[in-house]
Amino acid sequence: MARPAEGRQPAAPMSSGQAARRVRILRAASELGAREGLASVQMHDVAKEAGVAIATLYRYFPSKPYLFMAVLEWHIEQFVGGHGNTSVAAGGTDPAAEIAELLISLSVKLLDSPLLASAVALSSFTEYTSVVQARTDLVDSPLGQAILRLLGGGVREASATDRSRARLLIYGWWGLFVAVLTEELTTEEAETNMRLAARLLLTP
């Protein structure tokens, strides 16, 4: 079975066909992860389910943890895309409430598939920096952009303070998401804490 070369960087799709294959892989991994959990999913099963060669799978996703982190990012992109690009008009609504509800809704969506949610969380704790040398600042991710839009701006126009607030909100959301998965907090407790964190960070 093909294995990725140590330290090899993942390839980026260069054509619509390659992009479509990458999405098929992500969808297949999502479905297998939701049914079986991280430990039971094998890379060759993902390749078979996606209808691609194992070498193609490893070309885009050099390890199983990297694959499932990409699955998480893909699901977040889909979720954020489904919420549109609406900004909060000055004085029109409550950014803290809007952002808290966005992050709570994202958690609910991910937790609809408990095994997949556990798979992406476990993958985030696995060391893979030897494969991926640097990752994008969370604030520049689709989720970070959505938060900045709800603050009334965008990534390029955002102040350093707003970028820090967005980053802290994402880290806070992720910690609460993991706390629910590990049953340290109930869903209701996590939602209450998320609303409080947004209020404390965003109230002038």
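Every heavy atom of this structure was used, including side-chain atoms; hydrogens, water molecules and symmetry mates were not.
Residues Phe68 and Gly33 approach most closely at CE2-CA, 4.1 Å, considering heavy atoms. Of all heavy-atom pairs between Val108 and Glu191, the closest is CG2-OE2, 4.2 Å. Closest of all the heavy-atom pairs between Met43 and Leu67 is SD-CD2, 3.8 Å. Here the closest non-hydrogen pair linking Lys64 and Ala39 is NZ-O, 3.9 Å. The minimum heavy-atom distance linking Gly51 with Arg24 is given by the pair O-NH2, 3.8 Å. In terms of heavy-atom proximity, Pro142 sits nearest to Val80 at O-CG1, 3.7 Å.
Taking CG of Leu111 as the reference point, atom CG of Leu116 lies at 10.0 Å (rounded to 0.5 Å). With rounding to the nearest 0.5 Å, the separation of CG in Leu102 from CH2 in Trp173 is 9.5 Å. Interatomic distance, Ile170 CD1 to Ile99 CD1, rounded to the nearest 0.5 Å: 10.0 Å. Here CG of Leu151 is found 6.0 Å from CG of Leu148. Values are rounded to the nearest 0.5 Å.
Arg167 places no side-chain N or O within 3.5 Å of a backbone atom of Val139 that could act as its donor or acceptor partner.
Inter-residue side-chain proximity for Arg59 and Gln18 is flagged as met; some heavy-atom pair is nearer than 4.5 Å. Taking the side chain as every heavy atom from C-beta outward, Leu110 and Phe79 never approach each other to under 4.5 Å. Using a 4.5 Å heavy-atom threshold, the side chains of Phe177 and Leu103 count as separate.
For Asp162, the side chain to side chain donor-acceptor pair (under 3.5 Å) criterion is met by Arg165, not counting sequence neighbours.
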Given the rule in the side-chain contact (heavy atoms from CB on, under 4.5 Å) test, do Arg163 and Asp140 qualify, once you have shown the distances and angles that lead to the verdict?
-> CA-CA 9 Å; Arg163 288 179 64 86; Asp140 298 323; 3.2 Å; yes

Given the rule in the side-chain contact (heavy atoms from CB on, under 4.5 Å) test, do Leu150 and Ile147 qualify, once you have shown the distances and angles that lead to the verdict?
-> CA-CA 5 Å; Leu150 287 169; Ile147 291 172; 5.7 Å; no

Starting from the C-alpha separation in whole Å, work towards a yes-or-no answer on side-chain contact (heavy atoms from CB on, under 4.5 Å) for Ile25 and Val46.
-> CA-CA 7 Å; Ile25 293 168; Val46 175; 4.1 Å; yes

Should Leu26 and Arg22 be marked as a side-chain contact (heavy atoms from CB on, under 4.5 Å) after you check the CA-CA gap, both sets of side-chain angles, and the distance that decides it?
-> CA-CA 6 Å; Leu26 291 169; Arg22 187 178 188 278; 3.4 Å; yes

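Note on Leu72: it does not cluster hydrophobically with Leu115, by side-chain heavy-atom contacts below 4.5 Å among ILVMFWY residues.
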Using atom types as modelled, flag every donor-acceptor pair under 3.5 Å from a side chain in residues 193-204 to any protein atom, sequence neighbours excluded.
| residue | atom | partner | partner atom | Å |
| --- | --- | --- | --- | --- |
| Asn193 | ND2 | Glu189 | O | 2.8 |
| Arg195 | NE | Glu101 | OE2 | 2.6 |
| Arg195 | NH2 | Glu101 | OE1 | 3.4 |
| Arg195 | NH2 | Glu101 | OE2 | 3.2 |
| Arg199 | NH1 | Asp94 | OD1 | 3.2 |
| Arg199 | NH1 | Asp94 | OD2 | 3.1 |
| Arg199 | NH2 | Asp94 | OD2 | 2.8 |
| Thr203 | OG1 | Arg199 | O | 2.6 |

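Screening residues 25-38 for side-chain hydrogen bond (donor to acceptor under 3.5 Å, both in side chains) gives Ser30-His75 as the qualifying pairs, with residues at least two apart or on separate chains.
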